[in-house]
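Step one of this worksheet: look at the structure below.
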Amino acid sequence: MRIGELAERTGVSVRSLRYYETKGLLASERTSGGQREYPEAAVDRVRRIQEMFAAGLHSETIGELLPCIHDIDGTPNALATPFLVEKLTEERARIDRAMHDLRRTSDMLDGIIQAAGGEAPEQ
């Protein structure tokens, strides 16, 4: 599929897809006319990349992680290493801290909303 179709199917901009390629996160073949062509598996790979960016991982970390997971279901493969496990454990701890901070901020906002006479949203 061409880059425009991949962008449409994944909801990711063409510009982002090009960025993923420059960072080595995504690969394409080139047609004789120089246009990018992606395999069907690129849809799952882009979705996986988006999930990792949404979790706060940086492109360098994602680049280290991608060779160690299967694109389609995100399960680990044989390339996972102890170094990667250590790095991912650190990332997981960072995400847990961020979630804790967000929860604390959300609770504070609920208190302000209630103090102002409003109702805090149900969770």
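As the structure is a computational prediction, the values presented were derived from the model and not from experiment.
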For [X], give me all partners under side-chain hydrogen bond (donor to acceptor under 3.5 Å, both in side chains), at least two apart in sequence or on another chain.
{"X": "R104", "value": "D101"}
{"X": "R9", "value": "E40"}
{"X": "Q50", "value": "Y20"}
{"X": "E90", "value": "none"}

Given side chains that start at C-beta, do those of [X] and [Y] come closer than 4.5 Å, heavy atoms only?
{"X": "R94", "Y": "L57", "answer": "yes"}
{"X": "R48", "Y": "M52", "answer": "yes"}
{"X": "Y38", "Y": "L26", "answer": "yes"}
{"X": "S59", "Y": "Y19", "answer": "yes"}

Distance-minimising heavy-atom pair for [X] and [Y]:
{"X": "I49", "Y": "L66", "result": "CG1-CD1, 3.9 Å"}
{"X": "S13", "Y": "A7", "result": "C-CB, 4.3 Å"}
{"X": "P39", "Y": "A27", "result": "CD-O, 4.5 Å"}
{"X": "K87", "Y": "T61", "result": "CE-OG1, 3.7 Å"}
{"X": "R30", "Y": "G34", "result": "NH1-O, 2.8 Å"}

Going from [atom1] on [X] to [atom2] on [Y], what distance comes out if it is rounded to the nearest 0.5 angstrom?
{"X": "H100", "Y": "R103", "atom1": "NE2", "atom2": "CZ", "answer": "11.0 Å"}
{"X": "I69", "Y": "D44", "atom1": "CD1", "atom2": "CG", "answer": "10.5 Å"}
{"X": "L109", "Y": "T105", "atom1": "CG", "atom2": "OG1", "answer": "7.0 Å"}

Partner set under salt bridge (Lys or Arg N to Asp or Glu O under 4.0 Å) for R36, not counting sequence neighbours: E21
I'd like to check the side-chain contact (heavy atoms from CB on, under 4.5 Å) partners of T31; sequence neighbours left out, ordered by chain and number. R2, Q35, E37
With no hydrogens and no angle check, is any side-chain donor or acceptor of S16 less than 3.5 Å from a backbone partner on V12? no
Has T89 got a side-chain atom pairing as donor or acceptor with V85's backbone, closer than 3.5 angstrom? yes
Trace of the side-chain contact (heavy atoms from CB on, under 4.5 Å) decision for L88 with R92: CA-CA 6 Å; L88 293 176; R92 174 58 195 225; over 6 Å; no
Count I, L, V, M, F, W, Y as connected when their side-chain heavy atoms are under 4.5 Å apart, and connections chain through other members. Are M99 and F53 then in the same cluster? yes
Pair E91, L65 - check side-chain contact (heavy atoms from CB on, under 4.5 Å), show working. CA-CA 11 Å; E91 285 295 323; L65 175 59; over 6 Å; no
